[in-house]
Amino acid sequence: MTLDGWIQIALFAVAIVLLVKPFGGYMTRVFSGERTFLSPVMGPLERGIYRLAGVDARSDQGWLTYAVSMLLFNLVGFLGLYALMRLQAVLPFNPAGQTAVEPSLAFNTAMSFDTNTNWQAYVPEATMSYLVQMAGLTVHNFVSAATGIALAIALVRGFARRSARGIGNFWADLTRCTLYVLLPISIVAGLFFVWQGVPQNLGAYTEATTLEGARQVIAQGPVASQEAIKMLGTNGGGFFNANSAHPFENPGAITNFVQIVLIFSIGAALTNVFGRMVGDQRQGWAVLAVMGILWLGGVLVAYWAEAAGNPGIARLGVDAGASPLQAGGNMEGKEVRFGIANSALFAVITTAASCGAVNAMLDSFTPLGGLVPLFNIQLGEIIVGGVGAGLYGMLLFAIIAVFVAGLMVGRTPEYLGKKIEAKEVKMALLAILVLPLSILGFTAVATVTAAGLAGPANAGPHGFSEILYAYTSGTGNNGSAFAGISANTLFYNTTIGLAMFIGRFLMIVPMVAIAGSLAAKKIVPASAGTFPTHGPLFVGLVVGVILIVGGLTFFPALALGPIVEHFAMLAGTLY
């Protein structure tokens, strides 16, 4: 580990903290229906969309209507994207002549982008036409991100409102998020990326002759426009197979820094939106503090593990310094232009924020370095998390934490003046426990079937980690992968597609039910026995509950994979 690496990590953290309050204030005004500096431009467009769609933005939906609206919208989006991929061979904007996408892969990809997962079991530049990339994948990058943010706002309204029947209007939340938040920032970011050298065109792929005389096809296309929303919406669906490790997507240090800031910006600022809407910004800072502690712990472990390197390399007499480890750290699979610190930081950020746009090959991380991204996703990506998903996932853990605190002091648990009763706790546990059920269940099936065992490129604990990571990434709606697994098969396309559906929608519906239940409750005035939810005690309690739940649930699987692999590496029996 180096001073330069820590300075880069610190600069990122400072940039995010500085954005939280102003960005949070802006989004609060957007979702409260207040006037913003973009209202003169976006207001007429917003009203035109409502008239065209027949939506009354002033109508308030109950939790069930809100949830059904969201589910129907996503169903139509899934079917539309599936059809677009199956018909791409006969549709325009296909200069490379891409054929129709195979049915199981089309199912997997449509579910992937519909759920904000953006898992890619294919080579994008060799599989998808420009039309699919623009009208299919990029559009879903916007609306899937807007869906997650809208759901988070709905849960926040549940805490903020009293004796209310509704939690907002899904169509209004979706439209406002897209027009006032995602679209303007993406336009600015896209133009910035073009300025930095990211391609944005509709031309045919370029054919070049290398110095050796070989023919090389250089893919290009409308990259910058997809790159911007890919990062801002924590999507991760890259235009190229190498994703943000590709120089066309991420040309240099400046674009790399902007991209990681974009990934965390909305998720972090939503904590401030939460604090503002419930009338106490300290509540938002407390939630952000929990996220920050977990994020920093992950960065420490990942950076240390990758900087220490692989002792097996030193045993071979290659790249050995004074220590028994690698002198330069584990550079395998890393982008030399970004270095170990940035690669480790990028990996932790993208897996904490439900964004699979890693700029390093996770399959080549050291065992403990790879364990951190794996565990981040298994927690439900609550460490800032996907846009919206991180906040509502963290609030579910907060509900469990105050319930535990209430049991310890022998009084009815309360959070922000709302009594946490049996219904809320049951729904929160259902939403949280559906993740390990999917992750561990599908992993178990894959490890005992021929179709599942045909996927990993490695045997032993690392092969198990590759399978475990695939279903963790799918269920957690992350989209990154240990690249050693061959997932473009009928078995993996189908099962990972189902895992993505479970991880998104079977978690969302109980969460929306909680929002409806809380909105209908009265505010209970604070008393001497009220557990404070804005100080260090609350932060520590939530961190503890998260680590205990995550550790008890996933430790056996992690022990079979990365932990066994780590000790085998130290003993010299691996690598």
Side-chain angles (χ1 to χ4, degrees), residues 152 155-156 158-159 267 270-271 274-275 278 282-298 301 351-352 354 371-372 374-386 389-440 472 475-476 503 507 510-511 514-515 517-518 529-558:
L155 180 58
V156 172
F159 284 106
L270 280 172
T271 62
F274 169 63
V278 300
R282 296 176 301 172
Q283 303 292 339
W285 289 114
V287 171
L288 185 62
V290 175
M291 295 176 174
I293 290 170
L294 295 171
W295 169 78
L296 182 59
V301 174
T351 53
S354 187
L371 181 147
V372 172
L374 183 61
F375 191 58
N376 280 348
I377 307 172
Q378 289 173 344
L379 290 178
E381 297 193 310
I382 54 174
I383 309 170
V384 177
L391 178 62
Y392 64 66
M394 182 61 76
L395 291 178
L396 292 177
F397 274 106
I399 288 172
I400 301 301
V402 296
F403 176 72
V404 171
L407 292 180
M408 289 191 295
V409 298
R411 59 175 284 127
T412 303
E414 301 168 9
Y415 189 31
L416 303 174
K418 297 293 182 77
K419 287 188 176 182
I420 304 301
E421 298 173 299
K423 180 179 179 180
E424 290 80 33
V425 174
K426 289 176 181 177
M427 290 295 105
L429 286 172
L430 179 61
I432 290 171
L433 293 179
V434 75
L435 301 180
L437 178 64
S438 173
I439 293 169
L440 300 178
T472 298
T475 302
M507 180 183 184
M511 183 276 297
I514 292 173
S517 176
L518 291 174
T530 300
F531 180 69
T533 56
H534 53 72
L537 184 61
F538 172 74
V539 171
L541 177 65
V542 178
V543 170
V545 168
I546 291 169
L547 293 179
I548 290 171
V549 172
L552 291 176
T553 306
F554 292 107
F555 181 78
L558 296 175

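Just the heavy atoms: all of them, side chains too, but no hydrogens, waters or symmetry mates, feed the values below.
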May I ask you to test the I420-L518 pair for a side-chain heavy-atom distance under 4.5 Å?
yes

Are T271 and M394 close enough that some pair of their side-chain heavy atoms sits under 4.5 Å apart?
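They are not in contact (no side-chain heavy atoms under 4.5 Å apart), so the answer is no.
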
Of all heavy-atom pairs between [X] and [Y], which one has the smallest distance, and what is that distance?
X: A431; Y: P510; result: CB-CB, 4.1 Å
X: V542; Y: A401; result: CG2-CB, 3.8 Å
X: T553; Y: P436; result: CG2-CB, 3.0 Å
X: I514; Y: A428; result: CD1-N, 3.5 Å
X: L391; Y: V287; result: CD1-CG1, 4.2 Å
X: V402; Y: T533; result: CG1-CG2, 4.0 Å

Show the numbers, then the answer: is there a side-chain contact (heavy atoms from CB on, under 4.5 Å) between M427 and I399?
CA-CA 10 Å; M427 290 295 105; I399 288 172; over 6 Å; no

Checking Y415 now: which residues fulfil ring pair (Phe, Tyr, Trp, His ring centres under 6.0 Å) with it, not counting sequence neighbours?
F159, F538

Going from CZ on F274 to CH2 on W285, what distance comes out if it is rounded to the nearest 0.5 angstrom?
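Answer for the CZ-CH2 pair, F274 versus W285, is 14.0 Å.
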
Only pairs at least two apart or in different chains count here, so list each side-chain hydrogen bond (donor to acceptor under 3.5 Å, both in side chains) that has a residue in residues 421-435.
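Pairs touching residues 421-435 that pass the test: E421-K521, E424-S517.
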
